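Residue numbering restarts at 1 for every chain, and letters A, B, ... go by the order of the sequence lines. Keep in mind the model is a prediction, meaning the values are calculated, not measured.
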Protein chains: 2
Amino acid sequence: MVTIQDIANKAQVSAMTVSRVITGSAPEKVSAATRARVLKIAEELGYTPNIAARALRAKCSFLFGLVVSGIDHSFTASIVEGIQEVAMSKDYSCLLYITRGNTELEIRSLEALVAKQADGIIWVPNKQIPVCIPKLSQRVKIVQLLNKEVDHLPAVLVDQVRGQYLATSYLTQLGHRYIGYVMKNDRHSRERLIGHRQALADAGIYSSPVINLENDWSGQVDAIRLFLTENPQITAIAASTDMLAWCAIQAAGHLGRRIPDDLSITGFDNIELATQVIPALTSVDQPKKNLGQVAMQVLTRYIQGEEVEDVTMQTQLVVRNTTANNGSRSVALRPGPAADR
Amino acid sequence: MVTIQDIANKAQVSAMTVSRVITGSAPEKVSAATRARVLKIAEELGYTPNIAARALRAKCSFLFGLVVSGIDHSFTASIVEGIQEVAMSKDYSCLLYITRGNTELEIRSLEALVAKQADGIIWVPNKQIPVCIPKLSQRVKIVQLLNKEVDHLPAVLVDQVRGQYLATSYLTQLGHRYIGYVMKNDRHSRERLIGHRQALADAGIYSSPVINLENDWSGQVDAIRLFLTENPQITAIAASTDMLAWCAIQAAGHLGRRIPDDLSITGFDNIELATQVIPALTSVDQPKKNLGQVAMQVLTRYIQGEEVEDVTMQTQLVVRNTTANNGSRSVALRPGPAADR
DNA sequence: CTGTTAGCGCCTTCAC
DNA sequence: GTGAAGGCGCTAACAG
């Protein structure tokens, strides 16, 4: 371990001078010659600052925590990437805690982070809000990501309602009038349903079949198949997640309905799978990487004691191959998008 | 921030006594009464040890890094879970670095970890080995996970060859004689090919069509479809990953071949997707969580200066619904697995 | 421009 | 059983 003192000895200057060079603070207080010499020796000796000492002195650990339920389907991976990028540039390191949706584990993770003296936490809340949050939030700065579950803590969010509005509007513009909504029963899916209904209303459509699926996997495809059979007039499905959209693709396949000719499908999240399924999925893209970047920026500002406000980010519709005009096989015969049926 | 001194003042004892109680070292050196009192006050004050100070003193950061190319398809998630579990029990925190397969980023991550004084690193190497590894490995303890790319560093591995041997053997036991191997061109897939060939050889089969796919997604399904068309005698496919197996399912679907009746398929990795596709995928399970646990155990022993050796872990075949006897529709007519054709 | 002093919170060492 | 001293590596604050 090479210390500042070592450099000071070799360079024949005081430790303080070395410190000034290393940290780059108050550059006017050290001559160019000294600076060069110190830098050279630091390089030679392979000096790396001791963050523990620094943290002790600065009363700031340069550590923050990321508490997420899981890192599946490349969604969180992109977020982490964004976080990482900003964190690196600010000399912050990311402590990762995965909770698997387990509230018990979530609490332990948050507490561990306090114990570890993390300066802040980026937290993707689960359904259940741990009761300890108010207590913990006095000791660390917590930024909520994706879900705003606790009122007085800042949050970085995505406008789910508007996102689904984009997707469903696109379907109505393609001339679809009977659009089924396939959802599971979680917070985002419910928010998206609101956007779905807004889009329908704006297109003058006031009813739409909805199927609300349980959260486990078994039988989802079958359930959607039944849903399609019972609602034969459906020409398009808006799914509240890409995974559900994928189930819908499979269900349609079993019924012999071709996509997008016989049935249009939209997803939400734009996960990697969306490009890997065949046909590639039209989906609402969440700005994942950007989300991570913004969250980290908000967190650092929050840590520094600045006032921070909630940020809501927007989505984008990515059109791929699962959507087509209603009755697309005869689309060439029609002059433009059907205004009515 | 509550310090040991604060507790000492309030408890009317020396800081040293408090320290002894808190750390639990040399318990015989403090009376039960004092201990109880100190503990009570620590609790009241909400004391949490300052790890920065501890790290400074102990010359040990209690931090380790995890450097992975990505966290996709729940594979790494389980590994991280295992790592986390052991790490928590040993008071270690995990710094996560995601490299996206980018060697540049990988180097920066490893160097950042050295700069951050991480005690050790669990590293899942990419194809290209950063040249800086030998230099870095003098300053941190590095354990390789999944790939052994650097000879003199310990590794925690999975027996890929044996894993594929299990899958292909199962297919031969089901009476399949024409088994296509679908792979991409990476290290694990190549190792698995060896196991595949061993299993075939042990069943007296000495040739098998192999298709080696590029690493991007576009056209994989089509490529497999072509492969199946050009090798019509194939009754089973051993895919070197679950994702490829999934592509094979899609390709088979396009050709109107029913699974498992007309075509058996095995995957490898047993990712979450394997249970979500229809039909559910027969796959070789990698002991993901266990892998993480073992890696972390090896790392802590390594950090403590113990001699550590490579660990190779075994896989398990998980039979689901994509595999059936060759000619399964008439299987009831046959007395047992076909010994020859 | 440069140097000295002091202390962040913890715990090993030695003395009582 | 208990306590006092000292230092890990770093850097504000204050002299010169």
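- Within 3.5 Å, a donor on the side chain of A/R20 pairs with an acceptor on the base of C/dG3, or the reverse.
- Residue pairs meeting the salt bridge (charged side-chain N to carboxylate O under 4.0 Å, His left out) criterion with at least one partner in residues 27-37 of chain B, sequence neighbours excluded, are absent.
- In summary, the side chains of A/D119 and A/S61 do present a donor paired with an acceptor at a separation below 3.5 Å, with no hydrogens or angles considered.
- Contact between the side-chain N/O atoms of B/T17 and the OP1/OP2 oxygens of D/dG3 is found at a separation under 4.0 Å.
- Taking 4.0 angstrom as the limit, A/K29 places none of its side-chain polar atoms (N or O) nearer than this to OP1 or OP2 of C/dG3.
- For B/K135, there are no salt bridge (charged side-chain N to carboxylate O under 4.0 Å, His left out) partners, not counting sequence neighbours.
- For A/T23 and D/dC10, the shortest distance from a side-chain N or O to OP1 or OP2 is not below 4.0 Å.
- At the phosphate of C/dC11, OP1 or OP2 sits under 4.0 Å from a side-chain N or O atom of B/S19.
- Side chain of B/V13, nearest nucleotide from D/dG9, C/dT2, D/dG3: D/dG3.
- Using a 4.0 Å cut-off between a side-chain N of Lys or Arg and a carboxylate O of Asp or Glu, A/K288 and A/D285 qualify as a salt bridge.
- Toward the 5′ end of DNA chain C lies the nearest nucleotide of A/S14, the other residue of the pair B/P49 and A/S14 mapping further downstream.
- Distances shorter than 4.0 Å separate none of the side-chain N or O atoms of B/R57 from OP1 or OP2 on C/dG9.
- Rounded to whole Å, the distance from CD on B/Q5 to P on C/dC11 is 13 Å.
- Of the two residues near DNA chain D, B/E28 and A/N50, the one whose nearest nucleotide lies more 5' is B/E28.
- Here D/dT11 presents its C1' atom at 10 Å from CZ of A/R54, a figure rounded to the nearest Å.
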